[in-house]
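We name chains A, B, ... by the order of the sequence lines, and we start the count at 1 in each one. Both backbone and side-chain heavy atoms feed into the values below; hydrogens, waters and symmetry mates do not.
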There are 2 protein chains.
Amino acid sequence: MNDPGPGLRTVHTLRALTVELDLLAASFAQRHGLHPTDLRALIALLDAAREGTPATPGRLGRELGLNSAGTTAVLDRLERLGHVHRSRDPHDRRRVLLAVTERAVALGQGFFGPLIGEAAALVDGLSATERATVEGFLASVREIVARHANGDGGPDGNRDGNGGAEQDAEAE
Amino acid sequence: MNDPGPGLRTVHTLRALTVELDLLAASFAQRHGLHPTDLRALIALLDAAREGTPATPGRLGRELGLNSAGTTAVLDRLERLGHVHRSRDPHDRRRVLLAVTERAVALGQGFFGPLIGEAAALVDGLSATERATVEGFLASVREIVARHANGDGGPDGNRDGNGGAEQDAEAE
DNA sequence: CATATTATCTCGCCCAGCGAGAAGATTGCC
DNA sequence: GGCAATCTTCTCGCTGGGCGAGATAATATG
């Protein structure tokens with residue numbers, strides 16, 4: 001039971017890291033008048049912008065696990081703060097296109113930029129072999145997590161309007 | 001922008017991993033009638049129990065970034081669900097000692113046990129050199145995160161009774 | 001013994017997110 | 001073309017997690 005093998009300590013460190021990253025993000029969000037969800041939304045939108053993926057409320061809500069009402073509220077907040085701009089899609093006028101503003105980009109870069117930059121520099125300072133080891137480790141852990149996510153907790157448990165929870169897996 | 005240097009990709013993978021772990025935890029929590037905060041509290045309490053650290057509401061609240069009212073609410077929920085038991089500390093009767101129940105231990109082990117076990121096995125499958133590389137990487141990233149936390153967003157920005165948001169850092 | 005400090009809890013409020021459903025746009029079928 | 005089904009987003013009302021303020025009880029400090 002309490003037999004910490006050599007690997008356990010590493011896993012514990014990884015877990016601690018994720019917790020610390022979470023806390024950092026939360027404190028950053030608070031500092032800028034954002035809620036954790038707002039920050040997650042902003043990150044998702046910045047990612048989409050960088051990748052050239054068109055961003056819409058529906059897509060974003062699905063990504064964040066929010067229903068449409070909650071998604072609208074998030075976007076209202078972000079728009080009021082000047083981080084996001086809504087505009088109708090000319091090709092399908094039911095849709096709303098979401099664009100991040102300069103301000104949002106600056107916000108994201110200003111904070112996560114240095115953090116990511118330092119981490120990237122750290123990785124770049126490793127030898128090719130070491131880098132491969134780290135990447136392999138991260139990829140393997142992701143794979144483990146993905147397997148457990150599929151088996152134990154479906155990522156899309158409930159959605160808007162449609163009760164997807166007809167099986168509520170009552171754990172007593 | 002779209003020029004991922006060698007290190008950037010690794011950092012991106014790490015970020016994706018943290019997001020996925022977060023989603024997994026959230027879906028697991030929902031599945032057991034817990035809120036994300038409740039699960040975080042439970043994990044913290046299980047950790048404390050495993051380490052032999054005495055757990056109290058104050059300590060827990062500080063760890064979770066909640067004020068005392070919120071902490072009380074979390075504990076009320078966990079106690080109602082039978083995961084935690086409160087008892088007064090005989091040595092300092094202001095304090096409340098928190099004990100996790102068998103049920104909570106089973107809950108945590110049943111879900112995170114296999115996950116952590118697989119990850120630990122993964123690490124154990126590495127050579128000593130590789131393991132050192134991974135551990136060094138994680139430790140370095142933690143150090144970077146810690147530095148940014150201190151410089152940009154103090155981990156104890158606001159606490160009970162003291163409004164930590166006296167400066168709302170209006171960007172621009 | 002009086003006072004300050006510590007630890008926890010109670011009360012009232014705010015607002016994030018949910019469910020339900022409305023409104024506008026598109027697609028398909030006749 | 002016209003009408004219905006579908007899709008996307010938004011509005012409304014509500015629940016409840018978390019905060020601020022303060023109460024209460026116990027321990028330190030003079």
What's the closest nucleotide to the [X] side chain, out of [options]?
| X | options | result |
| --- | --- | --- |
| P57(B) | dT9(D), dG18(D), dT8(C) | dT8(C) |
| A69(A) | dC18(C), dA25(C), dT6(C) | dC18(C) |
| R94(B) | dT27(D), dA25(C), dT9(D) | dT27(D) |

Taking atom [atom2] of [N] as reference, at what distance in whole Å does atom [atom1] of [X] sit?
| X | N | atom1 | atom2 | answer |
| --- | --- | --- | --- | --- |
| H91(A) | dT8(D) | NE2 | C1' | 17 Å |
| D89(A) | dA25(C) | CG | P | 13 Å |
| R86(B) | dT10(C) | CZ | C1' | 12 Å |
| H35(B) | dG17(D) | NE2 | P | 4 Å |
| L64(B) | dG18(D) | CG | P | 9 Å |
| R40(B) | dG17(D) | CZ | P | 15 Å |
| D76(A) | dG17(C) | CG | P | 12 Å |
| R80(B) | dG16(D) | CZ | C1' | 11 Å |

Do the side-chain N or O atoms of [X] get closer than 4.0 angstrom to the phosphate oxygens (OP1, OP2) of [N]?
| X | N | result |
| --- | --- | --- |
| R93(A) | dG24(C) | no |
| R77(A) | dG17(C) | yes |
| R95(A) | dT9(D) | no |
| T37(B) | dG18(D) | yes |
| T72(B) | dT10(C) | no |
| N67(B) | dC19(D) | yes |
| R88(A) | dT9(D) | no |

Tell me if the aromatic rings of F28(B) and F112(B) count as close, with their centers under 6.0 Å from one another.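 Yes: the rings meet the under 6.0 Å criterion.
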For V74(A) and for L97(B), locate the closest nucleotide of DNA chain C by heavy-atom distance; then report the residue assigned to the nucleotide nearer the 5' terminus.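 This one resolves to L97(B).
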With DNA chain C as reference, determine whether D38(A) or D92(A) sits nearer its 5' end, using the nearest nucleotide of each.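 The answer here is D38(A).
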Going hydrophobic residue to hydrophobic residue with side-chain gaps under 4.5 angstrom, can you get from V145(A) over to I43(B)?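 Yes, V145(A) connects to I43(B) through the hydrophobic network.
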Give a yes or no on this: more than 12 heavy atoms of other residues, nucleotides or ligands lie within 6.0 Å of atom CZ of R77(B).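 Yes - once you tally the heavy atoms of other residues, nucleotides and ligands closer than 6.0 Å, there are more than 12.
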I'd like to know if E143(B) pairs up with R147(B) as an ion pair, taking the criterion as any Lys NZ or Arg NE/NH1/NH2 lying under 4.0 Å from an Asp or Glu carboxylate oxygen.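 Salt bridge between E143(B) and R147(B), a charged N being under 4.0 Å from a carboxylate O: yes.
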Would you call E63(A) and R40(A) a salt bridge, taking side-chain N to carboxylate O under 4.0 Å as the test?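 Salt bridge between E63(A) and R40(A), a charged N being under 4.0 Å from a carboxylate O: no.
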Base, sugar-phosphate alone, or nothing: which one does R59(B) contact when heavy atoms must sit under 4.0 Å apart?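 Nothing, no heavy atom under 4.0 Å.
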Once salt bridge (charged side-chain N to carboxylate O under 4.0 Å, His left out) is applied, do any residues pair with R93(B), and if so which ones, sequence neighbours excluded?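 Residues passing salt bridge (charged side-chain N to carboxylate O under 4.0 Å, His left out) with R93(B): none at all.
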